[in-house]
Each structure stands twice: as structure tokens, then as C-alpha cells.
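All heavy atoms count here, side chains included; hydrogens, waters and symmetry mates do not. Letters A, B, ... are given to chains in the order of the sequence lines, protein chains preceding strands, and every chain is numbered from 1. All of these numbers come straight from a predicted model, not from anything done at the bench.
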Amino acid sequence: MNTNNTHINNQISNKINAKFLKPYEPSATEGVIYKKWLDSGFFNPDVCVEKGVYAKDAEKFSIVLPPPNVTGTLHLGHAAMLAIEDIMVRFERMRGKKTLWLPGTDHASIATQSKVEKELMKTEKKSRHDLGQKEFLKRVEKFAQESHDTIVHQVERMGASVDWSREAFTLDAPRNKAVRTAFKRMYDDGLIYRDYRVINWDPKGQTVISDDEVVYQETKALVYIFKYSADFPIAIATTRPETKVGDTAVAVSPNDTRYQKYIGKEYVVEFCDVPLHIKIISDDEVDPEYGTGAVGVTPAHSMIDFEMAKRHNLPVIPVINEYARMTVDTPQLTGKKTKEAREIIVEWLKKENLLEKEEEVDQNISTAERTGCVIEPLPKLQWFIDVDKKFILPKSHITGIKDNESVSLKQLMQTVVQNNQVKILPDRFEKTYFQWIDNLRPWCISRQIWYGHQIPVWYKNGGGNKSPKSPTWVLDTQVGNNIQKEEEKEVFCGVEPPSANWQNEGWEQDPDTLDTWFSSGLWTFSTLGWPEKTDDLKTYHPTDILETAYDIIFFWVARMILMSTYLLGEIPFKYSYFHGLVRDSKGRKMSKSLGNIVDPLEMINKYGADATRMSLIIGAPPGNDTNLSEDKIRAYKKFANKIWNASRFVLSNIQDLNINIKPELVEKDKKILQELNALAQDITIDLENFRLYLAAEKLYHYFWHIFADKIIEESKERLVENNTTNQTDRLSCQWMLCEALKINLKLLHPFMHGWRVLPT
RNA sequence: GGGCGCGUAGCUCAGUUGGUUAGAGUGUCUCGGUGACAUCGAGAAGGUCAGAGGUUCAAAUCCUCUCGCGCCCACCA
């Protein structure tokens, strides 16, 4: 900033009599400095323009803070994120750009709700249903508020120069309006639709989750090869015998000579006292080489089988419910847990001599990200976003896509990265990104969670011509009936309810809430006031950099690109910079169960925020995981102390220097300053190219091993006061030291916020 | 099955587009000094840069293969 030279000069001249504690005490300095900055208002670009810090028409630079979940406290990953972004922001601010770093928090629906549920069960032995929705939500909001306050405090302690006046929350009123607006628009374009299909059900969380929230875990499983009955011609294999009571077909490969003769035939068998009607079908999906070359088709409890059933018009018979218990109507199975049912059926198979083989295989079992519970695929009516459906994009700022062009969301997501409008750093993650899009299926966005944005859709009995897609191929099963009922209802989707008096007119709002990533996807522009046409939106969007951990590239980064290109016709950010995961000193993931979580606040208290920041920057190129040890943080506390003491030395040796009159410099000093300016150039280039880790390391090395070890050491002789023989040299040396220190501190400022101004 | 990354000093890791004796922190050893700094200074030991082959005047860096480790994605019952 243009004020800084005067500022430092004043500090220097005022310093003489000031207390200059030794050793350096970060806790005594950092808080004071941050407070000064907060009070100055310089974190707010409007204030900066007002005070003339930079011109009204200065180039802008904007970053939105990835909003931390209000599920508790920040961890070292957040600290790394704050450090990196603060460096970027302070660097650009110093270069005179109109800089905005917009903070906020995320309601993280399912994560927050399950956290509170867990706590409730632990302390009061109650479920959320025991409390009721209203009371439960009160508890969640209270918890969220407390977490928010903790997080804000931690962000401040890190020294993050965010503009608090613009703080946002993914579940506050303006963001809710944005969510409803986005939903409505997608609904009208036919991109959001309601469909009946097999989804990922989390029996513990009692909600559906998206494909991305499924975590695969390698386990050993038993595969059973058996026949439904003694006179059934084909043996099939399964790892889940309990689902077989829901089978409606056996599928074989169309070219499989072994089974040709059976295709099209139908069998009625009694399987573990359950009557089954099995049709033999042929489908390309079946691999004749694998297993017995024949697949038992369970349309209700397998996504592949469900699709197969669709193609062959097979009945869908659900036999497992939301609590992972059997619903099939036979005394020995009804109400049993799936695991128990499996044992019963295997026993029955053995008894009937139908089990041909049993072998152990490696299997990827799907579990829910948040609860860890094994996923139960169930057929359900849910809301989805269609990523393949074409729609008209009215206004496009996207290279290669014209106004009013017909495109799909997938195309939009692919185009902006392909044409480099959004650059992904490090670029190897581009491959990951494209691979994800290629495999992308409809995004399930509805959740049976209480905490979140309620779906802006209302239903009314009667009317009913706006019904969702009819699953005509579903037979008259229990679930089929439910669907029929839903279908008879009139559907209204709107930013606002169907009428002011909707409750009394028989309308009911959809009780489901939205996937938390739906609202996160809007973050770059919902925070700037969208759907309102605000100045902020005009000035700061698209943002310049989105900086986050690589593990949310799909959840968040891709969804932001989706939402922004669709709703605004423009990219959400120009660069997507990914940092790695912060692991413990042995390279393990930090987790509660391992007890190796390092609390950033504790490190800040012990070593200072600047030391903590430096330890997270140096040796951490984009995208690489870093192992962090306390030793490393301690090392940078020593560095802070070094800066402090070097500054003390310089200041106490230039007391008789008139800093307003530049003396004639000797060659040696000219050269030193030239070299330092070259370093400044070099570091600027590093920062422009996101090589923060290199810039920080170079600064560290220069300050300690060149400036302190060489330049200051060599200056000691030259500074001797009674060295009257060469006053010119002494004066030159003084000036050089003062100048070099100032430049060093300026260069250090983005990294170590405590060194913006000299301590008083 | 597909993709990505890693293997550099005892330990944890840097090394930007290939270019002088390969660096940092930490640890070890010797010495110094308490008027910037013991959260210190000077110096030392310690690396066939996983292995093999290739490209090049020149390779830790580029290419191929091998070994070891980690991660992500995928509807093989």
C-alpha cells in the first residue's frame, strides 16, 4: 500500500525509546497488529477506496473463503487454507488491487445434524424424533452458532485479512433466496426432476445420499453359488443372499451358448418359503466369463439390476426397508436384519442342498461418508439434477458457447476447463476432474434431513396434471402403490409458496432438504448478492482464485462450475488452486480415533500464528500432502525471533541516521540493495505463479543466511561510532541496513502478518 | 480394471523451465561467545537423488522398464 513507507519510517524513528522485548513474544504482538488492521478497515475494499489507498477503478482481486463447516472447530487443513489465501490476498492488496476476501461458514446439513444427533444420544439418550423437528432444529442452530463463533475467532487468530463486513452463511436468508431461485430455474428448464429409482440409502442417517458421498471400503466377502430350487436350470452367484427373495429374473449373456435354450422361459420357484417368479432374460451387461455367467436380477436392491429391469419390463419387488430389515412376508424372515436373513437363507440353501459353492472374494463395500453405515440400495422417489439434458443458455460469457446455445450441464463443466477459462492447479487434477464428469450420473439432491434448505416444492391432493415421470414399468407392489399416490398430487415449484395462504389451501411443502453442496455450489455469487443485481456481483465476479483442498474437487469445485456457468453463464473463478492434506509427522491422516489431531490454536498459542503459517507453507507445493511436526513450527518461531532481533540490531544502530536524507552509498551497499531488489523481483514472479512455498523459503534463506549472517555481521565493524576515519562508509552502511530491513519486512508481510509494521 | 502421485542426508521434506561443489528444518560431533539473537554463531560428518537402461555437451530433473509405497475413480453379480 502506498502509505507503508511513511508508516515504517515513523515506526523506526519512534522506536528509539520503545520497549523492545527479548526474546520475541508473538502473543504480545500478533493480536495487537491484527486489531490495528481490523480497526483501519483496510480488509474492506470499500474503505480502502474511500481512504484513497487505491483508486476506485483499480483492478480487482477477489477470493471467497471456502466456508468451514459449522461442525466444531478448525483443523490444520483450514489453517493451511487460511495461510495460503491470506498470502495471495495480502500480496495483491500490496500491489494496489481492489482486493476482496469474503468469509463465511457452511451449514453442512448432514454433517452438522448427525453431530448434534450423536451428542443428543450421548448426553440425553434421545433421538431427534424424541425431541421433534422444531426443538431439534433449535438445538442444531444453537450448536451451529457456537461453532461459528469459535471458527470466527480462529480465523482471526490466524491473522486472516478477510472482510468481515461481508460475512455470509450458506443457510442464512439471502443464501436461501439464492437456493430457491436456482432450484426454480433448474426445475423450469427440466434439469431438476423427480424420479423413482434405486438410490443410496443410509440406514443410520435415515437419508438418501449422492453417489459422491459413498465411500468404498475393501473387505473380504463370501460369494455363494447356488440354485433357487432343485429343478431350476441355472446356478447364480451372489454376495447378498438375503436380497434374492426379491429376484424377478436371471440374466445371461445373449451369446452364451450354454443358456440360449432358456432365454424367455419363466419359472415359479419356492425360495426359502418365498414364491418367486423368475424370467430368464438376455442382457449385454452380463459377462459370460464371470462367475456362472448368469446373474440373479434383484431390481429393487441393485442399481444395475434396476436398470436391467427397466429395459426388460421386470417387476420391482422391494424386500428390505429403510432400517435394513426384511419386509418379505414369511415368518422366518419378516422384520429380520439383513445380516440375520443372510444366515437364515444360507442355512436353508445348505439344508436343501442347493448351495454349490462358497468362496471368499475381495469386495468393495459401499458405506456412507458421514455415518460409516453400509449403504442399502433402495427404490425411492427423489429429486435429481440431470447433467445430460440439453437446455438453452440465454447469455454466455463462456468461450466456445454462444448465447442461446443448447447445451448440457456436463458440456458446460467440460468446456470451461478445456478452454482454460478455469485453470486447475496443479494441472494433473484436470484429469481427475474430467474423469469424474465422464462417469457422472444424475445428481441426487434431496435429503431426508431436517437441517438445511427445504425443497421449494409444494404438493396438493387432487388436481394432478403436473405429475412426475410415471414409472409405468413398476408392478403393483407396495412401493408402486406409494408412487401412484404421489403421482395423483398437484405439484408447485416456486421461489415463493403457491399462495400467501397455502397452508389453509391444502398445500404441503416437500419435507426434504437439499444436499448441502447445492447451496455451496452457489457460493461464489450467492455471497455477492445474487440473484439480486448488486454492485458487488458486478465488480467481484468471476472471482480470481478458488483455493481449497483437493479432496472436495467433485463435491464442491465441480458443482460451483456447474452452478455458475448455468445460472450466470460465466465461470465462478479463473484459477482453482488445490492444496494437499495436512498429515501428522508420520504421514498419517489426522483423526480423532488416532488421537493425532493438532489443534492450530494450540500451535498459535505456543509458537505464534506466523510460525504456524510458515510451517504450513514451506515445503508444501500445490496438491502435495504435507507431514507437519511440531518441530517444524518451532523452527519458524525461531525465525520470527531472528527477524525481531535483527530488527532490534538495525534500529539501535541507526538512531543518529536522518532517514529523510539519502547519503551517497558505497559500491558495496549499492550492490547489496541491488541484489535484494532482484530477490524481490524473483519472489514476485514466484507469487504470481502460485509458488508460495518457494517464495517463502527464499525469503527465509535470504533473511537469515544472507541478511543476518553476512550483511549484518559484516556491518558491525563499519558501524563503530568512533570510527571517525570513515564516516561516509558508516553512513552508507546505516542507510543500507535500514533500507534492506524495510524491503525485507515488506516482502515478509504477506507471509508473516506480524511484520507489516515494526512493533512498538 | 482405469487414472494419479510418491520413493533425495539418521528423521520430515524442498529442489520452479535439465546447467557450477544437490538444499532446509531437525538430529549428531567440534569450537566460540553472553552488547541483535543461547529461539545464537563458526565449522564438520552424513546422500551411487529406489534400481536398470536410454536421450543429451550436461539428468535428481526428460523417456522406457522393474521394484516398493500411497491415493482417487469404476454398477463385475
Side-chain angles (χ1 to χ4, degrees), chain A residues 20 22-25 198 211-212 214-216 223-225 236-240 243-244 247 250-252 285-287 289-298 302-308 361 363-364 366 377 426 428-436 438-441 550-551 553-554 580-581 583-589 607 611 614-615 618-621 623-653 682 685-686 689-691 693-698 700-701 704-705 708-709 712-713 715-716 719 737:
Chain A
F20 221 166
K22 76 170 191 180
Y24 175 57
E25 262 312 321
V198 171
D211 296 336
D212 293 291
V214 176
V215 178
Y216 293 97
V223 62
Y224 303 93
I225 296 168
I236 57 164
T238 186
T239 52
R240 297 200 60 192
T243 64
K244 296 290 106 182
D247 281 12
V250 164
V252 298
E285 200 70 30
V286 182
D287 178 1
E289 306 295 319
Y290 190 86
T292 63
V295 184
V297 182
T298 321
S302 152
M303 295 182 199
I304 327 155
D305 293 4
F306 187 80
E307 292 304 314
M308 227 186 275
V361 292
Q363 194 192 218
N364 273 333
S366 25
R428 66 182 136 94
F429 286 118
E430 269 188 21
K431 226 169 188 170
T432 316
Y433 175 83
F434 286 126
Q435 183 188 300
W436 179 77
D438 291 343
N439 290 318
L440 196 55
R441 292 184 293 166
Y550 65 75
D551 58 347
I553 178 166
F554 310 137
L581 274 29
R583 300 169 178 279
D584 76 357
S585 59
K586 291 177 186 134
R588 298 172 305 181
K589 227 174 179 169
Y607 306 107
M614 285 295 267
S615 71
I618 293 183
N624 283 20
D625 293 351
T626 44
N627 297 1
L628 188 72
S629 62
E630 224 175 298
D631 278 349
K632 192 171 173 188
I633 306 177
R634 191 182 303 118
Y636 295 108
K637 185 185 178 188
K638 290 206 243 172
F639 181 50
N641 186 58
K642 191 75 184 174
I643 301 171
W644 178 268
N645 280 299
S647 304
R648 283 176 65 208
F649 175 83
V650 172
L651 295 183
S652 57
N653 279 289
D682 192 25
I685 292 167
D686 281 336
N689 290 287
F690 307 107
R691 296 190 292 258
Y693 59 108
L694 274 182
E697 203 172 351
K698 282 175 186 170
Y700 175 94
H701 187 261
W704 200 314
H705 301 297
D709 288 352
I712 287 186
E713 284 308 316
S715 75
K716 284 180 178 172
L719 289 168
L737 283 179

A:H705 vs A:N653, nearer the 5' end of RNA chain B by closest nucleotide: A:H705
Please report the distance separating the [atom1] of [N] from the corresponding atom of [M], rounded so that it comes out in whole Å.
N	M	atom1	answer
B:rA9	B:rG18	C1'	23 Å
B:rA60	B:rA14	C1'	12 Å
B:rC13	B:rG51	C1'	22 Å
B:rC71	B:rU61	P	26 Å

Aromatic plane relationship, A:W644 with A:Y24 - under 30° parallel, 30 to 60° tilted, over 60° perpendicular: tilted
B:rG41 OP1/OP2 closer than 4.0 Å to side-chain N/O of A:W704: yes
Under-4.0 Å side-chain N/O to phosphate OP1/OP2 contact, A:K638 with B:rG25: no
Pair pattern of RNA chain B in dot-bracket, where unpaired bases get dots and | marks partners in another strand, Watson-Crick or G-U under 3.5 angstrom: (((((((..((((.....[...)))).(((((.......))))).....(((((..]....))))))))))))....
Nucleotide-resolved protein contact map, nucleotides 5-21 of chain B, B/S/- at heavy-atom distance under 4.0 Å: S------SSSSB-----
Nucleotide-resolved protein contact map, nucleotides 70-77 of chain B, B/S/- at heavy-atom distance under 4.0 Å: ---SBBBB
Quiz item: A:K431 side-chain donor-acceptor pair to B:rC4 base, under 3.5 Å: no
Round to the nearest Å and state the distance from [X] atom [atom1] to [N] atom [atom2].
X	N	atom1	atom2	result
A:I712	B:rG35	CD1	P	17 Å
A:W644	B:rC37	CH2	C1'	12 Å
A:E713	B:rA36	CD	C1'	9 Å
A:K716	B:rU34	NZ	C1'	12 Å

Side chain to side chain, A:Y693 and A:N624, heavy atoms closer than 4.5 Å: no
